[in-house]
Engineer: 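Below is a structure I'd like to ask you about.
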Amino acid sequence: MNHCPNLLIVDDIEANLLLLRALTHKINVNIIEALSGAEALEKARGLELALAIIDVQMPEMSGYELAVKLNEDRLDDKVPVIFLTANYFDETEVFKGYNSGAVDYIIKPVNSQILTSKISVFLDLFNQKQTIKLNAAELKKSSEELKNSLEQQHQLSKYIEQVREDERVSISRELHDDLGQALTAVKIDLGIIKQKIQDDDLVLRMNKVTALVSETIKTVQRLTSQLRPEIIDDLGLVAAIEWYTKEFAERAGIEVFLDLDFDVTILPDHSLTLFRIMQESLTNIARHSGATRVEVSLYENEESVHFRIADNGIGITGEEIKSKKSFGIMSMKERAASLGGSFEIYSENGNGTVIKLILLLNKN
Ligand SMILES: Nc1ncnc2c1ncn2[C@@H]1O[C@H](COP(=O)(O)OP(=O)(O)OP(=O)(O)O)[C@@H](O)[C@H]1O
Ligand SMILES: [Mg+2]
């Protein structure tokens with residue numbers, strides 16, 4: 001802000017105005033002069049004033065009245081007022097002045113040094129106020145930009161998540177339709193061929209190959225369901241959790257205890273998100289925790305769904321949670337945030353790790 005601050009001086013005697021102007025000529029201000037309250041109000045309208053120096057005794061409108069009027073509409077930008085008076089010792093006058101917005105008094109005849117140093121103080125204050133205003137505006141702008149970029153980031157992760165889900169659906173379909181069906185055809189053909197073989201050794205081999213193909217078909221089915229757990233749509237979230245945790249318990253050799261409320265009224269989108277968070281969390285448990293036992297609970301209260309997974313493993317540290325490389329944890333948080341929910345991960349007194357997900361229900 002380089003332009004000169006405005007200083008309003010008001011006195012009904014022209015010689016006094018001239019004197020004030022002369023006394024302040026060295027100060028870098030833009031002086032606005034007025035010979036009456038009405039003229040001052042007219043000239044000051046819409047202007048930002050650093051300070052007003054007003055004579056108390058003026059005909060028609062007194063200095064006090066002018067001060068009140070001057071600041072009437074300036075809610076955040078009150079103009080500090082120095083009154084010029086000969087009545088310094090009249091206490092009621094002094095209070096009148098303070099009530100109308102005075103911040104200081106100068107007794108006539110005006111002492112040049114006192115006047116200039118007081119003006120300097122107010123100009124300093126004004127400049128500081130301008131700087132604060134500028135900083136506040138910049139701060140507001142940056143905080144809005146930050147808010148926007150965070151919102152964009154959320155939208156982007158939502159979009160990426162959707163793209164990933166779509167990809168999973170198409171890979172799962174191809175696995176099921178192409179690989180799954182081809183393997184089933186191979187299995188049928190193997191059965192037919194086997195019937196025509198006499199050699200016991202070959203029959204034994206054929207049985208082994210058939211068993212291998214059957215296993216592979218199961219693997220394809222498992223991968224297909226993990227990629228796109230249609231069970232969520234077909235049988236609901238609770239059935240999907242039961243199915244997935246049973247498979248997890250068998251594969252990872254970790255006991256899983258379930259405490260699931262069958263009546264949760266969760267939206268399909270939310271169910272899939274919760275399911276994906278469970279997958280990530282159970283994978284972490286299998287990979288990092290060394291746990292032997294996992295508890296999974298799901299319940300609903302008045303306004304939210306609560307999902308909790310607790311293991312009895314080695315626990316997680318604050319550094320691991322906050323690490324910029326903990327993409328799995330970040331993605332769980334982001335998934336929860338994309339639904340307006342909250343996500344927490346912590347260790348309970350060093351006994352294992354807990355994840356807690358809370359999703360708000362929209363029951364309107
Ligand atoms: N249940 C848990 N028990 C103990 N440590 C855990 C547990 N879950 C996560 N951690 C720790 O937190 C770290 C970060 O987990 P996160 O899922 O973000 O990453 P990751 O599993 O190492 O890799 P990614 O998930 O990207 O494949 C892990 O490396 C591990 O040290
Ligand atoms: Mg992980």
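The chain is numbered in sequence order, starting from 1. Both counts, for ligands and for their atoms, begin at 1 and track the order of listing.
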Engineer: Answer with yes or no whether the side chains of D12 and S36 bring together a donor and an acceptor at under 3.5 Å.
Structural biologist: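 Side-chain D/A pair, S36 to D12: absent.
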Engineer: Are the side chain of D311 and the backbone of R293 linked by a donor-acceptor contact shorter than 3.5 Å?
Structural biologist: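 No: the side chain of D311 does not pair with the backbone of R293.
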Engineer: Taking K356 for the side chain and E344 for the main chain, is one N or O donor matched with an acceptor at less than 3.5 Å?
Structural biologist: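 Absent.
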Engineer: Does a salt bridge link E250 with K246, judged by any charged N lying under 4.0 Å from a carboxylate O?
Structural biologist: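 Salt bridge between E250 and K246, a charged N being under 4.0 Å from a carboxylate O: yes.
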Engineer: Using the ring pair (Phe, Tyr, Trp, His ring centres under 6.0 Å) rule, collect all pairs that involve residues 276-332, keeping only residues at least two apart or in two chains.
Structural biologist: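 Qualifying pairs: Y299-H306.
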Engineer: Regarding D124 and Q128, is there a side-chain donor-to-acceptor distance under 3.5 Å anywhere?
Structural biologist: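 Judged by distance alone, the side chains do not pair up.
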Engineer: I316 and Y346: which non-hydrogen atoms are nearest, and at how many Å?
Structural biologist: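 That closest heavy-atom pairing would be CG2-C, 4.1 Å.
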Engineer: Just checking: N284, one of its N/O/S atoms, less than 2.8 Å away from the Mg ion (ligand 2), yes or no?
Structural biologist: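 A backbone or side-chain N, O or S atom of N284 is under 2.8 Å from the Mg ion (ligand 2).
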Engineer: For ligand 1, list the protein residues that place a heavy atom within a distance below 4.0 Å of one of its atoms, sorted by chain and number.
Structural biologist: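 Its neighbours under 4.0 Å (heavy atoms only) are E280, N284, I285, R287, H288, S289, D311, G315, I316, E320, S326, F327, G328, I329, T353, given by chain and number.
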Engineer: Of all N/O/S atoms in E280, which lies nearest to the Mg ion (ligand 2)?
Structural biologist: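 Distance check against the Mg ion (ligand 2) picks out OE2 in E280.
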